[in-house]
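Let me begin by presenting the structure, written as structure tokens, before commenting on it.
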Amino acid sequence: MGNMIKAIEHAFWLGTEQCSYLIHINKAGKPVCAYFGAKVPLTEDISAFLEKDGPSNGRRVIYDKEKDPNCSLDDIAAEFSLPHKGDQHNPSLLLENSDSFVFDFVYESYEIKEAGPVEGLPSPRGGEELVLILRDQRMEAELDLHYLVYEEGVIGRYVEIKSSKKILCRKAMSYQLVLPNENFILESSYGNWAGEFQKDEAKLTHMGYFFGSNTFASGDNHNPLFFLKSGDSSAEHGSVYGFNLIYSGSHREEVEVNSFSRVRVSAGLSPQHFAWEIDKGKPFVTPVAILAYSDKGMNGVTAIFHSFIRGRVIPEAHRQDLRPVLYNNWEGTYMKFNEGKILSLARKAKKLGIELFVLDDGWFGHRDADNSSLGDYTVYKKKLPGGISGLSKKIHKMGMLFGLWFEPEAVSVDSDLYRAHPDWAISDGIHPNSEGRNQLLLNLTKPEVRDYLFEHLHRIISEAKLDFIKWDQNRPLSDIPGGEGGFVHRYILGLYELLSRVREAHPDLWMENCASGGGRNDLGMFSYFDTGWVSDDTDSFERASIQANMIKGYPACVMSNHVAAKTSHQLLRKTSLGTKFDVASIGVLGYELNLNDLDPIDKKELAAQIETYKKYRAAAQFGEVHVLAEKEDGRIIVSSIKDGQALASYCNVLQTPHPAMEKLPLAGFEAGKTYEFSVRPEKYDPRRFGSLINMILPFHVKEEGKLVNVVSRHYAMDAEKFSGTMDGEALNAGALTLGPQWAGTGLGENVRVLGDFGARLYLFDAK
Ligand code: DGJ
């Protein structure tokens with residue numbers, strides 16, 4: 001075993017190259033956080049780290065006068081908290097039995113060992129573990145605080161509650177952490193369908209912050225990823241703490257500042273859906289949470305999370321494999337397809353250099369719209385007379401991998417499955433069921449439902465020799481039945497069991513996570529899935545912003561980004577295919593538009609994009625990511641660098657007639673190394689310039705007239721040129737000066753016509 005955990009008298013050090021964490025057992029036997037921050041020497045003498053005794057604060061409950069006349073549980077940096085013994089702030093645990101609401105756990109012993117899996121829940125691979133065992137003898141209950149330490153700089157935490165008498169748990173957070181306030185800014189995300197990962201920031205005040213999801217899924221409303229940034233931190237500098245949960249169900253995050261400027265942070269299961277009976281032989285375990293600290297700003301925490309997730313969370317089999325470039329027919333055809341159309345799309349995809357063809361929703365039962373057939377695993381013969389196996393064979397013969405869409409957790413009322421087993425749908429059995437996207441959810445707490453789903457998934461994956469599945473989930477939960485408490489958590493445990501079986505049976509299958517886009521992109525799901533569809537919003541500007549926020553906590557290799565049709569189906573905003581690619585290129589590239597409708601000039605563009613992507617794919621999917629500018633800065637810039645290659649994706653917000661002189665902020669390049677840089681060759685559709693085009697043509701064309709329409713199918717104008725060499729240190733210093741943006745006059749060869757929401761991709765190669 002390594003030496004990341006060190007037990008000293010009444011205290012424990014957790015240490016990595018990036019951070020140190022000191023837990024002290026105070027005089028009252030309560031574990032407190034004496035330090036969590038930048039790496040420090042793990043000294044035996046920790047007295048200088050500890051809070052000094054002082055007078056107790058006026059109106060306080062003193063926990064135990066004999067042990068410590070000054071200790072009120074309200075004031076200490078407690079590593080967990082329960083109410084009713086003087087702690088007035090948000091508890092991390094709520095327990096009760098028929099006799100009392102008071103549970104008073106006191107430190108008893110510890111254990112240090114190799115970290116093992118957490119039963120029934122996804123947990124990271126490897127690591128070292130410290131368990132602090134606490135007991136309330138009077139209640140015959142035990143509380144184990146688990147600390148997992150990973151060399152990437154991540155501290156994992158979860159709690160386990162055991163009891164030899166029946167108790168009820170009403171709130172279970174995976175951790176509590178108390179930090180001195182460094183003028184923290186809380187950064188989290190909010191959102192909804194087609195608008196996930198919208199950045200939210202708040203300077204902490206004493207009002208307290210609560211967010212999370214009560215949808216039953218980790219949700220597009222508030223992802224469990226959040227950060228506390230010290231007031232003077234920036235993208236590359238200063239103290240930032242990052243937090244996430246390895247969990248896919250309803251969750252809650254709480255941040256509270258007390259009047260002594262202590263910040264209490266916790267996260268775990270949403271109490272709204274939660275009540276759990278604990279009894280002899282029936283312990284309860286919370287999901288694992290992860291915590292990280294960096295003194296290198298937000299991008300420092302991002303780097304820690306990325307290497308940790310790539311190494312220990314995502315499935316082992318494809319952990320380091322380059323993700324294939326895929327085509328998905330959803331926005332190209334929706335459910336209006338037949339085998340002929342699919343094969344013609346596949347042939348075109350192959351010609352462009354695409355490696356994986358994915359058939360989306362609409363291939364089963366009699367599904368022509370979203371109101372039928374979910375739950376039925378028979379092919380829709382009218383559309384696909386040769387079946388899925390037949391289609392798969394043909395696509396394989398073209399030299400591509402083949403993938404298929406499923407929505408295993410759902411059932412349509414108009415389905416054979418629902419007609420045979422109406423009791424398999426989630427329902428309280430009293431009220432009529434409420435539908436979401438015209439469907440119900442299957443009750444995954446029932447083993448027979450999971451068996452049914454596993455059998456059919458396993459059969460189709462094996463028979464059709466699928467290389468990839470997209471696992472979708474398209475509605476929140478409603479109509480929860482009574483009976484055993486914690487239905488939502490049981491559902492998620494059922495889901496994890498089903499996913500484990502699919503994964504065990506098909507370790508090499510590529511699996512993509514989806515929940516109406518990013519409705520369940522969390523570390524629980526990424527423990528089983530290689531990638532996740534980021535959002536149903538394929539508008540490039542929206543995506544640039546969503547991706548820039550998601551990538552702060554999730555590595556590029558899990559983020560599935562597609563180039564869609566020029567006119568966004570969600571916003572009806574028009575952007576070029578070039579811009580769409582420039583935004584999609586940091587992550588896992590895919591295409592989702594009707595390839596049969598491409599003009600000759602578009603085909604050339606797409607083929608060139610795929611060629612560029614393949615050349616830089618390792619950096620695009622596995623590079624060190626830096627988010628260098630965000631929407632509020634008037635441009636979104638994200639870079640990714642690996643082994644001497646780098647990409648920087650630049651997306652403009654709004655064009656102005658007075659564009660600023662721009663330098664390209666960059667980071668992560670090697671000092672002393674020379675890099676060749678260039679902009680990916682971009683093209684302008686002549687129609688872009690409207691009637692202004694007449695200023696350079698020897699003849700006259702009408703804006704959007706027939707002639708210009710025909711010409712633009714075959715011809716596009718070259719955009720600006722930009723290339724040269726620069727030292728890594730100068731690139732990191734942000735010295736690379738960009739060409740001017742179009743400002744109404746003169747289209748010189750350096751001038752960038754970005755317009756509103758236009759993008760560029762800058763490419764770098766070490767010489
Ligand atoms: C929602 C997904 O996000 C889409 O990509 C697509 O798969 C549809 N569901 C299909 O119903």
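Just so it is clear, the structure is predicted and the values come from calculations on it, not from any experiment. Just so you know, residue 1 is the first one in the sequence shown, and it goes up from there. Just follow the structure's listing: the first ligand is 1, and inside any ligand the first atom is 1.
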Leu359 and Phe402: CA distance, side-chain angles, deciding distance, side-chain contact (heavy atoms from CB on, under 4.5 Å) verdict = CA-CA 8 Å; Leu359 179 63; Phe402 179 60; 4.1 Å; yes
Practice task
Check whether any heavy atom of Arg437 sits under 4.0 Å from an atom of ligand 1.
Solution key: yes
Should Glu504 and Arg501 count as an ion pair when the cut-off is N to O under 4.0 Å?
no
Note: Asn328, heavy atoms under 4.0 Å from ligand 1, region reported as neither
For Trp533, the ligand 1 atoms with a heavy-atom partner under 4.0 Å come out as 3 (O), 5 (O)
N or O contact, Glu592 vs ligand 1, cut-off under 3.5 Å: no
Near Gly517 (heavy-atom distance under 4.0 Å), the atoms of ligand 1 are 3 (O)
| Any donor and acceptor pair, going by atom type alone, linking the side chain of Arg252 with main-chain N or O of Gln272 inside 3.5 Å? | no
- request: Please indicate whether Lys604 has more than 12 foreign heavy atoms, meaning atoms of other residues, nucleotides or ligands, lying under 6.0 Å from its NZ.
  value: no
Short version for His562: what comes under 4.0 Å of ligand 1, heavy atoms counted, is neither
- Task: Would you check the N or O atoms of Arg367, main chain and side chain alike, for any that come under 3.5 Å of an N or O of ligand 1?
- Result: no
Practice prompt. Give yes or no for whether the N/O distance cutoff of 3.5 Å, strictly under, is met between Lys470 and ligand 1.
Written response: yes
With a 4.0 Å cut-off, would you call Asp376 and Arg367 a salt bridge?
no
### Message
Any atom of ligand 1 sitting under 4.0 Å from a heavy atom of Glu331?
### Response
no
When distances are taken from atom 1 (C) of ligand 1, the protein heavy atom at minimum range is Asp472 OD2, 3.1 Å
inquiry  = Checking Phe541 against Arg573 for the side-chain contact (heavy atoms from CB on, under 4.5 Å) test, could you report, in this order, the C-alpha distance in whole Å, the side-chain angles of both residues, the deciding distance, and whether it holds?
reply    = CA-CA 9 Å; Phe541 174 66; Arg573 183 189 280 152; 3.5 Å; yes
Going by the 4.0 angstrom heavy-atom rule, the piece of Cys514 near ligand 1 is side chain
If the threshold is 4.0 Å, N to carboxylate O, is there a salt bridge linking Lys552 and Glu630?
yes
At under 4.0 Å between heavy atoms, what of Glu407 touches ligand 1? The answer is neither
| query | Between the main-chain N or O of Gly353 and the side-chain N or O of Lys614, is there a donor-acceptor pair closer than 3.5 Å? | reply | yes
Taking only non-hydrogen atoms of Asp361 and a 4.0 Å limit, the atoms of ligand 1 in range are 10 (C), 11 (O)
Item to complete: State whether a side-chain donor-acceptor pair under 3.5 Å links Gln198 with Ser189.
Response: no
Nearest heavy atom to atom 10 (C) of ligand 1, choosing from Asp360, Asp537, Asp536, Leu374, belongs to Asp360
